[in-house]
Asker: 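Below you will find the structure I want to go over with you.
Chain letters run A, B, ... following the sequence lines, proteins first and then strands; every chain starts at 1. Only heavy atoms go into these numbers, but all of them, side chains included; no hydrogens, no water, no symmetry mates. Keep in mind that this is a model prediction, so the values were computed, not measured.
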2 protein chains.
Amino acid sequence: MSRREPLNRAKVVAAALALVDAEGVEALTMRRLSKSLGVEAMSLYNHVANKTDLLDALAEAVFASVERADPGLPWAERLRITARNLYGEFSRHPSVSKAVVGDQANPTSEAALRPTEDVLEALFEAGFDGKAARQALIAVHGLVFGTLALATSEYTTPPRPAANGLEAFRPVVDPAWLPHFARLTALGDSDPAEDFERALDLLIAGLVTAAPNGA
Amino acid sequence: MSRREPLNRAKVVAAALALVDAEGVEALTMRRLSKSLGVEAMSLYNHVANKTDLLDALAEAVFASVERADPGLPWAERLRITARNLYGEFSRHPSVSKAVVGDQANPTSEAALRPTEDVLEALFEAGFDGKAARQALIAVHGLVFGTLALATSEYTTPPRPAANGLEAFRPVVDPAWLPHFARLTALGDSDPAEDFERALDLLIAGLVTAAPNGA
DNA sequence: ACCTGAACACCGTTCAAGT
DNA sequence: ACCTGAACACCGTTCAAGT
């Protein structure tokens, strides 16, 4: 019956991440989280300001874990790798992506903004001006977080919450009304990471074409 | 003191849409919604099965309002217009976009899937096979909903919840640590619709290059 | 068929009290 | 400095009761 070591912010954040990874954002309540730490709910408030602070901390942790690209690579490769690493880390924590994209988490620390800074650096090296760089950044971020969010949501239907891809739509899609959609459902399961990679290819092809400094 | 006409599902959905447009998703509670309709909370359950059913209905309504592209146009134009119209309708209801992207709404009716079907039809006409079409679809949807979500979330910070674009970041971005990011914040407010249009340009350029049947 | 009121099992968060 | 217990103002939803 060893006396429990005192709680700290890192432990709270780690437990929260484990909880959302295992059971989704909706399972993240102060009361349940505290229970998983063997403590009363109110103890958490000694380490996080409130629930939004906690959600921000989760997003910060994921952003901060994104590996940076080798600065010696050409700009298009750096951009691709940063986007891929962003996707990779967040795909391991889909609930955190949903929180980011759904505006429940809004991290603003330097560590959290670092991947964005790296994407921008690549875009400026490509010769885009401020406005064009902002638009390209929006395209990259939109693609990363949009595909992340849709990979776990859009084609998943309540009866089969864990179903991947279009599988779950088979019962609802009438081929007579949505023939093209039906053709997709016949493909079977997809590999979200590969689909993202191809989507990123398309966007980067567009960026290279538009870049003042070329590839 | 006229006797109130009976409620129906359409009225409930319309009031819910007005409520989220005015005050955001977090303001959509069965109790508040019922109050806005001059009724008790439990009356709503005669017209919607539960809160997720209600959120689905909101998303359905927005999807169903998306205007279809002229079928006589070339595939790339049809795709562009469908994506633009999707963006346009959802940008008028940002809270509904957030619900869709955050997996709180999961509409599966034919009307809701129609814009997706139209995008797919364009992609198949372009000559993509099933797998490539699915990947391109993910890119388009990811871009639309990703940029929608980020336009109202990522660069908005709690102290100024209504702030547009990067404005809100000025106080937190240290130019010494994030010089490129700081350069963006100096640009002033952005036009999200224009930024989306440019992002879409980039993606469509990539699609046209990759299309087996050309433009 | 539609609406209501009370109740249940939850939330986030405040506050005064303990150690 | 950190933790607790009771309390407050909310949630979604069930159910029995009304009309």
Asker: Under 3.5 Å, is there a donor on one side chain and an acceptor on the other for A:Asp195 and B:Gln135?
Answerer: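 Judged by distance alone, the side chains do pair up.
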
Asker: Within 45 degrees of the ring normal and closer than 6.0 Å to the centroid, is that where the cationic atom of A:Arg114 sits relative to A:Phe63?
Answerer: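 No - A:Arg114 does not lie over the ring of A:Phe63 by the 6.0 Å and 45° rule.
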
Asker: Of all of residues 27-36 of chain B, which get a heavy atom below 4.0 angstrom from DNA chain D, listed by number?
Answerer: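 Close to the strand are B:Leu28, B:Thr29, B:Met30, B:Arg31, B:Arg32.
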
Asker: Would the distance check show the side chain of A:Asp56 and the main-chain N or O of A:Asn106 forming a donor-acceptor pair, the cut-off being under 3.5 Å?
Answerer: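 Checking the backbone N and O of A:Asn106 against the side chain of A:Asp56, a donor-acceptor pair under 3.5 Å is found.
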
Asker: Could you state the CG-P distance from B:Leu19 to D:dC11, rounded to the nearest angstrom?
Answerer: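 Computing the B:Leu19:CG to D:dC11:P distance gives 11 Å.
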
Asker: Can you tell me the Watson-Crick or wobble partner of D:dA16, both distances under 3.5 angstrom?
Answerer: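 Pairing partner: C:dT4.
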
Asker: Can you tell me if A:Arg9 uses its side chain to pair, donor with acceptor, with the backbone of A:His47 under 3.5 Å?
Answerer: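 Here the side-chain-to-backbone pair exists.
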
Asker: I'd like a list of close polar pairs between nucleotides 16-19 of chain C and the protein, N/O only, cut-off under 3.5 Å.
Answerer:
none

Asker: Just so I know, are the side chains of A:Tyr87 and A:Thr147 near enough to count as touching, which here means a heavy-atom distance under 4.5 Å?
Answerer: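 In short, these two side chains touch, coming nearer than 4.5 Å.
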
Asker: Say whether B:Glu60 and B:Ser109, considering side chains only, have a donor N or O and an acceptor N or O under 3.5 Å apart.
Answerer: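 There is such a pair (donor and acceptor under 3.5 Å, judged by atom type) between the side chains of B:Glu60 and B:Ser109.
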
Asker: Are any of B:Tyr45's side-chain N or O atoms less than 4.0 Å away from OP1 or OP2 of D:dT13?
Answerer: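 Yes, because at least one side-chain N or O of B:Tyr45 sits under 4.0 Å from OP1 or OP2 of D:dT13.
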
Asker: Rounded to the nearest angstrom, tell me the gap between atom NZ in A:Lys51 and atom P in D:dC11.
Answerer: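 Rounding to the nearest Å, NZ of A:Lys51 and P of D:dC11 are 15 Å apart.
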
Asker: A:Lys11 has an atom NZ; how far is it from atom P of D:dC2, in whole Å?
Answerer: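 Taking NZ of A:Lys11 and P of D:dC2, I get 12 Å after rounding.
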
Asker: Given side chains that start at C-beta, do those of A:Glu117 and A:Glu121 come closer than 4.5 Å, heavy atoms only?
Answerer: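 Sidechains of A:Glu121 and A:Glu117: no contact.
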
Asker: Under 3.5 Å between N/O atoms: give me all the protein pairs with nucleotides 4-6 of chain C, atom names plus distance.
Answerer:
from: C:dT4; atom 1: OP2; to: B:Glu40; atom 2: N; distance (Å): 2.9
from: C:dT4; atom 1: OP2; to: B:Ser43; atom 2: OG; distance (Å): 2.7

Asker: Would you kindly give the CD-to-C1' distance between A:Glu26 and D:dC11, to the nearest whole Å?
Answerer: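 That distance rounds to 15 Å.
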
Asker: Applying the Watson-Crick and G-U wobble criteria at under 3.5 Å, what pairs with C:dC10? Answer none if nothing qualifies.
Answerer: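 No nucleotide pairs with C:dC10.
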
Asker: Does the Lys NZ or Arg CZ of A:Arg84 fall within the cation-pi geometry relative to A:Phe196 - under 6.0 Å from the ring centre and within 45° of the axis?
Answerer: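 So A:Arg84 doesn't make the cation-pi contact.
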
Asker: Would you find a donor on one side and an acceptor on the other, under 3.5 Å apart, between the side chain of B:Lys11 and the backbone of B:Pro6?
Answerer: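 Side chain of B:Lys11 to backbone of B:Pro6, a donor-acceptor pair under 3.5 Å: yes, one is there.
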
Asker: Does the side chain of A:His47 get closer than 4.0 angstrom to OP1 or OP2 of D:dA1 through an N or O atom?
Answerer: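 For D:dA1, OP1/OP2 do not have a side-chain N/O of A:His47 under 4.0 Å.
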
Asker: Less than 4.0 angstrom from a charged side-chain N to a carboxylate O is my criterion; do A:Arg78 and A:Asp70 meet it?
Answerer: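 The answer is no: the pair does not qualify as a salt bridge.
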
Asker: Is any side-chain N of the basic residue among A:Lys35 and A:Glu40 closer than 4.0 Å to the acidic one's carboxylate O?
Answerer: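 Here A:Lys35 does not pair with A:Glu40 in a salt bridge, since their nearest N and O are not under 4.0 Å apart.
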
